[in-house]
Amino acid sequence: MRRARIGLFAAIYTICAVFFAVAFFDRYWRHRDCFNDLGRCFVSAEDGVYTTSAFVWAPMAILCALLAIFALWRFFRARRIAG
């Protein structure tokens, strides 16, 4: 039962890491050359305004990825110990 819970957390952390990485790429990385002195970027083709504050998605993606790696390490370690 413990192994299943660890595996579930690993899956959740992995999904969150992918979600935050996609959000970072879409909201910040694609437009990183467009930002002005105020930290804003207007894309007329999409009618969108992007800000440099979207960088906050990167640390959250890294944190979730590290948690996923740790959970996967514990998952495989528990598997090796149990059997």
Side-chain angles (χ1 to χ4, degrees):
M1 189 65 167
R2 180 175 178 225
R3 242 179 97 228
R5 187 175 51 221
I6 293 171
L8 178 65
F9 279 117
I12 290 171
Y13 291 143
T14 302
I15 290 169
C16 288
V18 169
F19 172 76
F20 292 140
V22 168
F24 170 73
F25 177 79
D26 185 50
R27 294 291 173 181
Y28 180 81
W29 192 256
R30 284 191 317 149
H31 309 289
R32 68 188 178 279
D33 296 331
C34 175
F35 294 115
N36 61 13
D37 294 339
L38 299 174
R40 294 186 185 107
C41 172
F42 175 71
V43 180
S44 60
E46 300 173 7
D47 281 337
V49 177
Y50 300 98
T51 62
T52 55
S53 64
F55 185 80
V56 76
W57 295 110
M60 294 188 329
I62 292 169
L63 176 67
C64 286
L66 291 173
L67 288 171
I69 290 169
F70 180 70
L72 286 171
W73 175 74
R74 289 190 63 200
F75 178 77
F76 288 114
R77 184 173 153 241
R79 184 174 135 199
R80 189 175 38 204
I81 292 171

Exercise for the section: Specify the closest pair of heavy atoms between Ala65 and Ala17, including all atoms of both residues, with the distance to one decimal. Expected result: N-CB, 3.6 Å
Practice task
Can you see which heavy atom on Val49 is nearest to which on Phe42, and at what distance?
Solution key: CG2-CD1, 3.7 Å
Practice task
Evaluate the side-chain contact (heavy atoms from CB on, under 4.5 Å) criterion for residues Arg74 and Arg2: first the C-alpha distance (whole Å), next the side-chain angles of each, then the deciding distance (0.1 Å), finally the verdict.
Solution key: CA-CA 10 Å; Arg74 289 190 63 200; Arg2 180 175 178 225; 2.5 Å; yes
Handout entry: Residue pairs, two or more places apart or on separate chains, that pass side-chain hydrogen bond (donor to acceptor under 3.5 Å, both in side chains) and touch residues 18-41
Key = Asp26-Arg30
Output the distance between atom [atom1] ([X]) and atom [atom2] ([Y]), rounded to the nearest 0.5 Å.
| X | Y | atom1 | atom2 | value |
| --- | --- | --- | --- | --- |
| Phe20 | Ile15 | CZ | CD1 | 12.0 Å |
| Trp57 | Phe25 | CH2 | CZ | 16.0 Å |
| Thr14 | Phe19 | OG1 | CZ | 15.0 Å |

Completion exercise
Residues joined to Leu8 in its hydrophobic cluster, side chain to side chain under 4.5 Å directly or through other members, sorted by chain and number, are Ile12
Exercise for the section: Each residue besides Ile62 in its hydrophobic cluster should be listed here, by chain and number; the cluster joins Ile, Leu, Val, Met, Phe, Trp and Tyr at side-chain heavy-atom distances under 4.5 Å. Expected result: Leu66
Exercise for the section: Tell me, please, which residues at least two apart from Ser53 pass side chain to side chain donor-acceptor pair (under 3.5 Å). Expected result: Thr51
Exercise for the section: Mind checking side chain to side chain donor-acceptor pair (under 3.5 Å) for Tyr50 and listing every partner two or more places apart, or none if nothing turns up? Expected result: Glu46
Verify the cluster assignment for [X] and [Y]: are they in a single hydrophobic cluster under the rule of side-chain heavy atoms below 4.5 Å apart?
| X | Y | answer |
| --- | --- | --- |
| Val18 | Met60 | no |
| Leu63 | Phe9 | yes |
| Phe24 | Val22 | no |

Problem - Phe35, CZ atom: more than 12 neighbouring heavy atoms under 6.0 Å - result: yes
Problem - More than 12 heavy atoms of other groups within 6.0 Å of Phe55 CZ - result: no
Practice task
Would you please name every residue forming a disulfide (SG to SG under 2.5 Å) with Cys16, sequence neighbours left out?
Solution key: none
